[in-house]
Amino acid sequence: MKKNKLLLVDGNSIAFRGFFALYQSLERFKNKQGLHTNALYAVNTMLDNVLKDVQPTHALVAFDAGKTTFRHGFYEEYKAGRAKTPSEFREQMPYLRDLIEGLGMKHYELDNFEADDIIGTLAKSVDPNEFDVVILTGDKDLTQLASDNVTINVTIKGVSEIEAYTPAHIMEKYGLEPVQIIDMKGLAGDASDNIPGVTKIGEKTAIKLLKEYQTVEGVYEHVDEMKKSKMKENLINEKEIALMSKRLATINTNSPIEIAVSDLDYSGKNFEKLIAFYKEMDFNSFLAKLDTTDADVPVTPREEITYEVVEKIESAMLSSDMVFHIEMLDENYHTSDIVAVAWGNDKHRYVTTGDWALMDPLMIAYLENPELTKRVYDFKRLYVAACRYDISLEGVAFDVLLAAYIVASTNNSEDIAEVAETFDFYELDRDEKVYGKGVKRGIPEDESVFTEHLARKIHAIDFLYPKLYQELEERQQKELFYDMELPLARILADMEITGITVDANRLNEMKGEFAEILTEIEQKIYAEAGEEFNINSPKQLGVILFEKMKLPVIKKTKTGYSTAVDVLEKLQGESPIIDDILRYRQIAKIQSTYVEGLLKVIFSDQKIHTRYVQTLTQTGRLSSVDPNLQNIPIRLEEGRKIRQAFVPRKAGWKLFSSDYSQIELRVLADISGDEHLRQAFIDGQDIHASTAMRVFGVKTAEEVDGNLRRQAKAVNFGIVYGISDYGLSQNLGISRKEAKTFIDTYFEKYPGVKSYMEDIVRDAKDKGYVETLYHRRRYLPDINARNFNLRSFAERTAINTPIQGSAADILKIAMIKIDQRLKAEKMEATMLLQVHDELVFEAPEEELEKLQQLVEETMADAVDLAVPLRADSSSGATWYDAK
DNA sequence: TTTGTCACG
DNA sequence: ACGTACGTGACAAAT
């Protein structure tokens, strides 16, 4: 028989969590009456996810009733000292019940008891053979209930991430049994509930004690045997406090509740109620997404849309200032079939199915006419598609996707409907809903569904344009859009279309060589292990190394033993198998990802056509997919050989590569204004050696040996990343204390850098975002988080993003200028690849000298900083030789 | 689909 | 005491 599933939710705690998760956007979440709705919104998301996930047969949301509970009876200060709940939160609480009822769940509260006690009592009341219990809560108090049939899901960050506490997980995380969580709180206390605990004992110490003595009582039975220490004294003095703290933390699993599990049947949402609630709260996105297929309720009415399915194009249909769109169902626009072409404005919309429109002379003339402006969604995609029909798409004046990326509206998806929803436009379905996904993806059987969807896309793009334009204007990002991203899109499209020629024979040669090496190492590893196993499986490898061979466990992952490089390197002396595994891993990676991977994506023109994703990264960098040509090996010689397969497209041509020297540190010198860093670049010094001299107090450059320079280099990297002593210590394999000394000295010697970091973090906390030199923004919602990790991460991001992002901006500007100059000079040389600080070209040998001068000069002069920019270049018969 | 690992700047 | 370097994408195995 299938087991029942009981879902129990701590209503107060998840509402509170939700409120703070969306606190940053508090003012964005308001309904028409001015009621704040962020907590309701968050709770809806959380409950919706958990309902979908758990598929409960029974469900209840429990609430705390009133201010006092039985716990106050023996400890008045329980939960005292809490900040007053914000009024923006309190005003939402009454509506929470409506939401819960709409979702079809029961709710319950009980005087004198907390939600925890209700949940605990119900969880213990069911027969473990009949029920699996899932608890959803915002704090860890309930984890003490974990058992074979009870799992506690604790929300960790945002609204979608949860951590599941099972007995096994608790054992792994704390080394304790679930019931010992209570003892841990008895000793360590819990600041959020004002449970005192024993002075100077925190979680770590408590766990240590409990591992030895199991319970608080056990600790006191043996307290006399302990060595004399401050801790022992505290334990003895505060025995009463410890015992009371334990009592406070203990969930009452025998509360006098008046309901039973049999009252909690869950049979899906109450659509009528839920729709009314969503409407009242203006939750249009939830309304639009509501899957009412299995419910007999009215769907939200859609506005009618007028359009014409066209069989023959007439010139009256094509005019300036229209929206234009080409529909392709596959992500990869180099190969995807074109299934429709549509265009129009707010008065007329035209849809054609198939690709015939792209062969129509009137249409071609329209598309190629730069005077007739078009607005589009994803210019690069359309440009490449049009190019496949030998059409040069001109006159594109606006790209909604690019604009949405720039205004950082968090949503810059491939799907127009998703972007539209962030601007409260719900008149368009998601592609996935219309076309399906995976193997079932295709044009809908009902042709009118298909054509209407396209007409609605035209409508959506038309609707989004003025909104985005206004946003760009308000944020002073029009230059970033019109002078950087939009012109760049076309250059990237040209690079993608051109492609880079790959010597498949060379790759096949390597494939044979690597295959032989792999078989050899494989046999050696099997011999050393004493059995055959899958070396590629971290799980199987972990068993061999740490169980069979009993090697010391350095690090664990959430699922088992870590076998990552840094772990294996620490084990190198222990057994010869380690070296073989490292080498096997290295070769296997090259073989599968680069040799076999690249062979798979060579087109019939002998070229690889990657796609640059222009609207993905949080910093403004590009990314490259299908395949990724921005991570071709270079650091180790064996992998580097892959680059021998990248060749020019014609005999007598060469590959040419030019890369910025230390662009991120130069950007840092500019924006921090640190005089020492700036002077070092102005003087043309070796920057890592220069850092070494200052930080390690070395007088002359001659005294900087390789090791000092290496350490200085790591410090410089760390600075750019938003340094931490731990990170630097890991990187250099030194102690945390030593790392801290390095950092302190660095800040002493480069005070301008130090104040930049302080200023930018303060600025971010103030404004909620940081900017690059060219006004690219990144929002940092966690910058004021109470959670240390979230906040620290946001602080490092605040430091790093202006540096990494400005460097990305600069290379984009350089690309645009180089493109212009290559055209002006009518050169044959062609830009092929961009790798963050490097550009790769192919060119006839005779052009190389001129190309070098042109590229280096343009890169150096791309922008004007307080320090000089420098580009170094080289050329050769293959990418490998252009080093 | 998620996780662990590893390639790049 | 917390638990980390910043930004990506692809592969194989496990789920």
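Quick caveat: nothing in here was measured; it's all calculated off a predicted structure. Residue numbers start from 1 in every chain, and the chains themselves are labelled A, B, ... in the order their sequence lines are given, proteins ahead of strands. No hydrogens, no waters, no symmetry mates; every other heavy atom, side chains included, goes into these values.
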Checklist entry - Which nucleotide, C:dG3, B:dC6, C:dG7, lies nearest any side-chain atom of A:Phe793? => result C:dG7
Checklist outcome for this item: Of B:dC8, B:dC6, C:dG3, the nucleotide closest to the side chain of A:Arg736 is C:dG3
Next on the checklist: Does C:dG7 have its OP1 or OP2 closer than 4.0 Å to a side-chain nitrogen or oxygen of A:Thr801?
Outcome noted: no
Next on the checklist: So A:Gln540, base contact, sugar-phosphate only, or nothing? Heavy-atom distance under 4.0 Å.
Outcome noted: sugar-phosphate
Item to check | Length of the line joining A:Asn800:CG and B:dG9:C1', which is rounded to integer Å | outcome: 12 Å
Next on the checklist: Once you apply a heavy-atom cut-off of 4.0 Å, does A:Val720 come out as touching a base, just sugar-phosphate, or nothing?
Outcome noted: nothing
Item to check | Which nucleotide in B:dT1, B:dG9, C:dT4 has an atom nearest any side-chain atom of A:Lys437 | outcome: B:dT1
Checklist entry - Taking CD from A:Gln586 and C1' from C:dC11, how many angstroms apart are they, rounded to a whole number? => result 16 Å
Next on the checklist: Regarding A:Ile803, tell me which of base, sugar-phosphate or nothing describes its non-hydrogen contacts under 4.0 Å with the strands shown.
Outcome noted: nothing
Checklist entry - Between atom CZ in A:Phe546 and atom C1' in B:dG4, what is the gap in whole Å? => result 13 Å
Item to check | Whole-Å distance separating the NZ atom of A:Lys555 from the C1' atom of C:dG3 | outcome: 12 Å
Next on the checklist: Go through it in stages, so that I can follow the logic: the residues are A:Glu496 and A:Tyr333, the test is side chain to side chain donor-acceptor pair (under 3.5 Å), and I'd like the CA-CA distance, side-chain angles, deciding distance and then a yes or no.
Outcome noted: CA-CA 11 Å; A:Glu496 293 175 11; A:Tyr333 46 72; 2.5 Å; yes
Checklist entry - OP1 or OP2 of B:dG4 less than 4.0 angstrom from a side-chain nitrogen or oxygen of A:Thr557, does that happen here? => result yes
Item to check | Protein-nucleotide distance (A:Tyr594, atom OH; C:dC11, atom P), rounded to Å | outcome: 10 Å
Checklist entry - NA contact type, A:Glu203, heavy-atom cut-off 4.0 Å: base, sugar-phosphate, or nothing? => result nothing
Checklist entry - Taking the P atom of each, how far is B:dT3 from C:dT4, in whole Å? => result 15 Å
Checklist entry - Is A:Arg776 salt-bridged to A:Glu485, going by a charged N under 4.0 Å from an acidic O? => result yes
Checklist entry - For C:dA13, does OP1 or OP2 lie under 4.0 Å from any side-chain N or O of A:Asn534? => result yes
Item to check | C:dA1 - base-pair partner by Watson-Crick or wobble geometry, distances under 3.5 Å | outcome: none
Item to check | A:Glu596 side-chain N/O to A:Thr593 backbone N/O, donor-acceptor pair under 3.5 Å | outcome: no
Checklist entry - Would you say A:Thr559 reaches B:dT3's phosphate, i.e. side-chain N/O to OP1/OP2 under 4.0 Å? => result no
Next on the checklist: Would you call the rings of A:Phe533 and A:Tyr526 parallel, tilted or perpendicular, taking 30° and 60° as the class edges?
Outcome noted: perpendicular
Checklist entry - Base, sugar-phosphate, or nothing for A:Val613, non-hydrogen atoms under 4.0 angstrom? => result nothing
Checklist entry - More 5' along DNA chain C: A:Ser623 or A:Gly722, using each one's nearest nucleotide? => result A:Gly722
Checklist outcome for this item: Among the nucleotides C:dG3, C:dC6, C:dG7, whichever has the atom closest to the side chain of A:Phe788 is C:dG3
Checklist entry - So, A:Ser624 side chain and A:Leu629 main chain: donor-acceptor pair closer than 3.5 Å or not? => result yes
Checklist entry - Taking only side-chain nitrogens and oxygens of A:Ser537, does any of them come within less than 4.0 Å of OP1 or OP2 of C:dA14? => result yes
Item to check | Sugar-phosphate only, base, or nothing, as touched by A:Ser562 at under 4.0 Å among non-hydrogen atoms | outcome: sugar-phosphate
Next on the checklist: Within the 4.0 Å heavy-atom criterion, would you say A:Ser724 contacts the bases, only the backbone, or no part of the nucleic acid?
Outcome noted: base
Checklist entry - Are any of A:Lys539's side-chain N or O atoms less than 4.0 Å away from OP1 or OP2 of C:dT15? => result yes
Checklist entry - Base, sugar-phosphate, or nothing for A:Gly202, non-hydrogen atoms under 4.0 angstrom? => result nothing
Item to check | Whole-Å distance separating the CZ atom of A:Arg621 from the C1' atom of C:dC6 | outcome: 8 Å
Checklist entry - Counting any heavy atom closer than 4.0 Å, what does A:Ile799 reach on the DNA or RNA strands: base, sugar-phosphate only, or nothing? => result nothing
Checklist outcome for this item: Of B:dG9, C:dA12, C:dG9, the nucleotide closest to the side chain of A:Val835 is B:dG9
Next on the checklist: Just to be sure I understand the rule, does A:Leu728 reach a base, reach only the sugar-phosphate, or reach nothing, if contact means heavy atoms closer than 4.0 Å?
Outcome noted: base
Next on the checklist: Heavy atoms only, 4.0 Å cut-off, all strands: where does A:Asp659 land among base, sugar-phosphate and nothing?
Outcome noted: nothing
Checklist entry - Which part of the nucleic acid does A:Arg635 contact within heavy-atom distance under 4.0 Å: base, sugar-phosphate only, or nothing? => result base
Next on the checklist: When you compare the side chains of A:Thr801 and A:Gln618, does any donor N or O come within less than 3.5 Å of an acceptor on the partner?
Outcome noted: no
Next on the checklist: For a quick test of reading the model, state the closest non-hydrogen atom pair linking A:Ser658 to A:Ala871 and the distance between them.
Outcome noted: OG-CB, 3.8 Å
Next on the checklist: The side chain of A:Leu616 is closest to which nucleotide in this list: C:dA5, C:dT8, B:dC8?
Outcome noted: C:dT8
Item to check | A:Phe841 and A:Phe656 aromatic ring geometry - parallel, tilted or perpendicular at 30°/60° bounds | outcome: tilted
Checklist entry - Where does the angle between the aromatic ring planes of A:Phe717 and A:Tyr721 fall among parallel (under 30°), tilted (30 to 60°) and perpendicular (over 60°)? => result tilted
Checklist entry - Looking only at N and O atoms, is any donor in the side chain of A:Gln804 or the base of C:dC6 less than 3.5 Å from an acceptor on the other one? => result yes
Checklist entry - Checking all strands, does A:Asn631 fall into the base, sugar-phosphate, or nothing category for heavy-atom contacts under 4.0 angstrom? => result base
Next on the checklist: Heavy atoms only, 4.0 Å cut-off, all strands: where does A:Ala714 land among base, sugar-phosphate and nothing?
Outcome noted: base
Item to check | Rounded distance in Å between the C1' positions of B:dC6 and C:dG3 | outcome: 22 Å
Item to check | Nucleotide C:dA1, atom C1' - distance to CG of A:Asp190 in whole Å | outcome: 15 Å
Next on the checklist: Closest approach to the side chain of A:Gln618, judged atom by atom: which nucleotide of B:dT5, B:dG9, C:dT8 is it?
Outcome noted: C:dT8
Checklist entry - Atom CG of A:Leu668 to atom C1' of C:dA5: distance rounded to whole Å? => result 16 Å
Checklist entry - Relative to the 5' end of DNA chain C, which residue comes earlier, A:Tyr726 or A:Arg778, by the nucleotide with the nearest heavy atom? => result A:Tyr726
